[in-house]
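Counting from 1, the numbers follow the sequence of the chain as shown. We count ligands from 1, going down the list as the structure has it; atoms in each ligand are counted the same way. This is a predicted model, so every value here is computed, not measured.
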Amino acid sequence: MSFLSLSKVSYTYPLEEKEAVHNLSFEFEKGKVYGILGANEAGKTTMCHIIRGFIPSFYKGKLEGDIRLKNKQLDEYKEGELASIIGYSFQNPFTQISGVKETVYEEIAYGMENLGFPRQEMIAKVEELIDLFKLADLQDKNPFELSGGQKQRVALASIVALNPEIIILDEPTSQLDPQSTEEIFSVIDLLKHQGKTVILVEHKVDLLAEYCDEIILMADGEIVLSGDVKSVLSNPEVLKHGGQLPQVTRFFLEAMAQEKLKKEKRLPLTLDEAYAKLREEVK
Ligand SMILES: Nc1ncnc2c1ncn2[C@@H]1O[C@H](COP(=O)(O)OP(=O)(O)OP(=O)(O)O)[C@@H](O)[C@H]1O
Ligand SMILES: [Mg+2]
């Protein structure tokens, strides 16, 4: 039984003529981290909205094809049910803040409160998350006073609080500095180890190379390449479709083009892999 699958999914926004995504087919497995790559307007956010069910319930428009989650059609799920299975962090972190809570602490508890979690459990969970997301200094602040990056961290903490099986993160590090970005990725790794399925739209390929199991590359509304991280991110075709390759991989491709290294199909994606490869070469 497939966990989550798209089959021949196409979608046109209301009043638009052109399809925003076309003929998407993909099988997501439980417990893997998927990196979604692609240029601006490639359809990444639209695909995420479809998986979460915002399309067509919120955006309307014309949706075709078949979407199944745990062997049930997506449109058979009630909105509340879907919200508890799939956590969603929006591309714009300003959309994510509830607007009804006065402190970061209460904001993180907000979702649990709505679902009627017992008070003690809620407090324990909020404290654990404040620690995990390094939010202690911010816990008494008003969420609206936070910077974009701080809002992104609070948004992610609020999602993790509800313990969803699938977590969709649409560019969760776009407003973060390199250190906070690494911290978000280590949380993603932790979620993977808890068995969560993570769908991550992200442009930072060096980090995708390190943390993802699979990559989906989108261009002009279609999935143009997909597969395990090693095969996709060492494929120079990625560049032709508006995607990036890891720095290490680009270096090896260049060295091979200049015949400084012998040609190989499997290229290193991370520094650790590059060191291992070079050690082999000098043996
Ligand atoms: N609400 C909307 N109404 C009409 N067209 C839309 C809407 N949102 C997106 N589109 C169009 O759908 C296509 C895919 O956009 P989408 O936002 O999914 O791309 P993306 O890959 O997430 O881009 P970005 O990197 O800029 O976030 C684009 O042509 C875009 O103009
Ligand atoms: Mg987007």
**Report entry** Centroid-centroid under 6.0 Å between Tyr11 and His22 rings
**Finding:** no

Query raised in the report: With a cut-off of 2.8 Å, which protein N/O/S atoms are close to the Mg ion (ligand 2), if we only count those under it?
Result: Thr45 OG1, Gln91 OE1

Query raised in the report: Are Glu214 and Lys230 ion-paired here, with the side-chain N under 4.0 Å from a carboxylate O?
Result: no

Report task. Measure from NZ or CZ of Lys72 to the centre of the six-membered ring of Tyr77, then state whether that distance is under 6.0 Å and the direction lies within 45° of the axis. Result -> yes

Query - Results of salt bridge (Lys or Arg N to Asp or Glu O under 4.0 Å) for Glu27 - residues two or more places apart only - result: none

Show me the donor-acceptor pairs within less than 3.5 Å that the side chains of residues 185-192 make with the rest of the protein, sequence neighbours left out.
unit_1 : atom_1 : unit_2 : atom_2 : d
Ser186 : OG     : Glu182 : O      : 3.4
Ser186 : OG     : Glu183 : O      : 2.9
Lys192 : NZ     : Asp213 : OD1    : 2.8
Lys192 : NZ     : Asp213 : OD2    : 2.8

Report task. Look at the side-chain heavy atoms of Ile, Leu, Val, Met, Phe, Trp and Tyr, link any pair under 4.5 Å apart, and say whether Ile108 and Tyr110 land in one connected group. Result -> no

Could you check ligand 1 for N or O atoms lying under 3.5 Å from protein N or O atoms and list the pairs with distances?
unit_1   : atom_1 : unit_2 : atom_2 : d
ligand 1 : 8 (N)  : Tyr13  : OH     : 3.4
ligand 1 : 18 (O) : Thr46  : N      : 2.9
ligand 1 : 18 (O) : Thr46  : OG1    : 2.5
ligand 1 : 19 (O) : Gly43  : N      : 3.2
ligand 1 : 21 (O) : Ala42  : N      : 3.1
ligand 1 : 21 (O) : Gly43  : N      : 3.0
ligand 1 : 21 (O) : Lys44  : N      : 2.9
ligand 1 : 21 (O) : Lys44  : NZ     : 2.7
ligand 1 : 22 (O) : Thr45  : N      : 2.9
ligand 1 : 22 (O) : Thr45  : OG1    : 2.8
ligand 1 : 23 (O) : Glu41  : N      : 2.8
ligand 1 : 25 (O) : Asn40  : OD1    : 3.2
ligand 1 : 25 (O) : Lys44  : NZ     : 2.8
ligand 1 : 27 (O) : Gln91  : OE1    : 3.1
ligand 1 : 27 (O) : Gln91  : NE2    : 2.8
ligand 1 : 31 (O) : Glu41  : OE1    : 3.4
ligand 1 : 31 (O) : Glu41  : OE2    : 3.3

Report task. Run through Gln152, Arg153, Glu202 and flag the one making a side chain to side chain donor-acceptor pair (under 3.5 Å) with Thr173. Result -> Glu202

Requested in this report: Would you please indicate if the ring centroids of Phe54 and Tyr59 are separated by under 6.0 Å?
Outcome: no

**Report entry** Residue pair Glu107 / Ser98, side-chain donor-acceptor N/O under 3.5 Å
**Finding:** yes

